[in-house]
Peer 1: 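Pasting a structure below so you can have a look.
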Amino acid sequence: MPTVLDGVSSNETVSLKWVETIANPLAPDLSTEIAAGTTVTLECLIVGQFNIDFSVERTQLRRMCSRQVRERSGPVTYSVEDMFVVYDPQDLAANVSKAYAALTDGASGYLVERRGVHVDTAWAAGDLVRVIPVEVANANPAPPEDDNELQARIAFTVIGEVQKDVA
């Protein structure tokens, strides 16, 4: 009988921060960058989930001597799905408005994602994260929905190389 290994729960184990500056995306500094006063913790302000997707261009390699077509990987394109955040349109200084206030049109910075550690656990040196350099393409109020909270929709463009599994 096969041994089924337990995976890591995805519930409450994905944390996301908006970090304005990171000197070296291959080694973000916890004390001066990730924990900076301008950093915004996003996971409890986001409605739904955070999603970054990618696509890979592929080139076909054909040889006259073979019926088999091979492929070669080409450029990888990352894209961040539009993010919906809660906010108070009458008090942009309120804690609930921190994401909307920080993620303004044209703002550039980094989305730093940590997975596999409960959201209430403090970030620690050595945590593996994904660092996504982005620019806010647009931030606008979203249409109100009955019996829901007011939200804003944030659109991003990925403006640099995504770093995966960096400490």
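If you read the sequence from its start, that first residue is 1, and numbering goes on from there.
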Peer 1: Between W123 and V112, does the side chain to side chain contact (heavy atoms under 4.5 Å, CB included) criterion hold? Intermediate values first, please.
Peer 2: CA-CA 11 Å; W123 289 43; V112 181; 3.8 Å; yes

Peer 1: Quick check against the 3.5 Å criterion: does S97 have a side-chain atom that pairs as donor or acceptor with the backbone of D91?
Peer 2: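 It does hold such a pair.
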
Peer 1: Looking at I154 and A139, what are the two nearest heavy atoms and their distance?
Peer 2: CD1-CB, 3.5 Å

Peer 1: Got a second to check how far E81's CD is from N51's CG, nearest 0.5 Å?
Peer 2: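 It comes to 4.0 Å.
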
Peer 1: So, the side chain of S66 versus the backbone of Q68: is there a donor-acceptor pair under 3.5 Å, distance only?
Peer 2: yes

Peer 1: Can you find a side-chain donor-acceptor pair between S55 and D53 that sits under 3.5 Å?
Peer 2: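 No, no side-chain donor-acceptor contact under 3.5 Å.
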
Peer 1: Using the rule that Ile, Leu, Val, Met, Phe, Trp and Tyr join whenever any side-chain heavy atoms are under 4.5 Å apart, tell me whether V136 and V158 fall into a single cluster.
Peer 2: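 V136 clusters together with V158.
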
Peer 1: Near K17 NZ, under 6.0 Å, is it more than 12 heavy atoms from other residues, nucleotides or ligands?
Peer 2: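 Counting neighbours around NZ of K17, more than 12 heavy atoms of other residues, nucleotides or ligands fall under 6.0 Å, so yes.
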
Peer 1: Does the side chain to side chain contact (heavy atoms under 4.5 Å, CB included) test come out yes or no for V134 and S108, once each step is laid out?
Peer 2: CA-CA 6 Å; V134 295; S108 60; over 6 Å; no

Peer 1: Can you name the nearest heavy-atom pair linking A102 to A107, along with the distance?
Peer 2: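 Taking every non-hydrogen atom into account, O-CB, 4.1 Å.
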
Peer 1: Please evaluate residues L150 and V86 with respect to the criterion side chain to side chain contact (heavy atoms under 4.5 Å, CB included), reporting the C-alpha separation (whole Å), side-chain torsions for both, the decisive distance (0.1 Å), and the verdict.
Peer 2: CA-CA 6 Å; L150 291 175; V86 293; over 6 Å; no

Peer 1: Side chain of N138, backbone of A155: donor and acceptor closer than 3.5 Å?
Peer 2: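 Between the backbone of A155 and the side chain of N138 there is no qualifying donor-acceptor contact (under 3.5 Å).
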
Peer 1: W18, L16: one ILVMFWY side-chain cluster at the under-4.5 Å cut-off?
Peer 2: yes

Peer 1: Nearest heavy-atom pair of A137 and T157: which atoms, and what distance?
Peer 2: CB-CG2, 4.2 Å

Peer 1: I159, Y110: one ILVMFWY side-chain cluster at the under-4.5 Å cut-off?
Peer 2: no

Peer 1: Contact between L111 and V80 at the side-chain level, heavy atoms closer than 4.5 Å - yes or no?
Peer 2: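 In contact.
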
Peer 1: Please step through side chain to side chain contact (heavy atoms under 4.5 Å, CB included) for the pair D88 and Y100, ending with a clear verdict.
Peer 2: CA-CA 9 Å; D88 180 345; Y100 181 74; over 6 Å; no

Peer 1: Nearest 0.5 Å please: distance from the CD atom of E12 over to the OG atom of S15.
Peer 2: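 Going from the CD atom of E12 to the OG atom of S15 covers 10.0 Å.
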
Peer 1: Can you name the one residue among T121, T13, D127 that meets side chain to side chain donor-acceptor pair (under 3.5 Å) with R114?
Peer 2: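 Passing option: D127.
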
Peer 1: When rounded to the nearest 0.5 angstrom, what is the spacing between SG in C44 and NZ in K98?
Peer 2: 12.5 Å

Peer 1: Which atom pair, heavy atoms only, marks the closest approach of A125 to L30?
Peer 2: N-CD2, 3.3 Å

Peer 1: So which atom in I34 and which in V19 form the shortest heavy-atom distance, rounded to 0.1 Å?
Peer 2: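 Heavy-atom minimum between the residues: CD1-CG2, 4.1 Å.
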
Peer 1: Do V166 and V129 come within less than 4.5 Å of each other through their side chains, counting heavy atoms only?
Peer 2: yes

Peer 1: Check whether any side-chain heavy atom of R115 lies under 4.5 Å from a side-chain heavy atom of V117, and answer yes or no.
Peer 2: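 With C-beta onward as the side chain, the pair stays apart.
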
Peer 1: Quick check: are there more than 12 heavy atoms from other residues, nucleotides or ligands sitting under 6.0 Å from CZ of R130?
Peer 2: yes

Peer 1: Locate the shortest heavy-atom distance separating V14 from E43; write the atom from each residue and the value.
Peer 2: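 Looks like O-CB, 3.8 Å.
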
Peer 1: Find out if a path of hydrophobic residues (ILVMFWY) with successive side-chain heavy-atom gaps under 4.5 Å connects V131 to F156.
Peer 2: no

Peer 1: State the CG-OH distance between L45 and Y87, to the nearest 0.5 angstrom.
Peer 2: 13.5 Å

Peer 1: Looking at side-chain heavy atoms only, is the closest gap between Y78 and I52 below 4.5 Å?
Peer 2: yes

Peer 1: For the pair T21 (side chain) and E33 (backbone), establish whether a donor and an acceptor sit closer than 3.5 Å, ignoring hydrogens and angles.
Peer 2: no

Peer 1: Count I, L, V, M, F, W, Y as connected when their side-chain heavy atoms are under 4.5 Å apart, and connections chain through other members. Are L26 and I22 then in the same cluster?
Peer 2: yes

Peer 1: Donor-acceptor check, side chain of R153 to backbone of Q151, threshold 3.5 angstrom: yes or no?
Peer 2: no

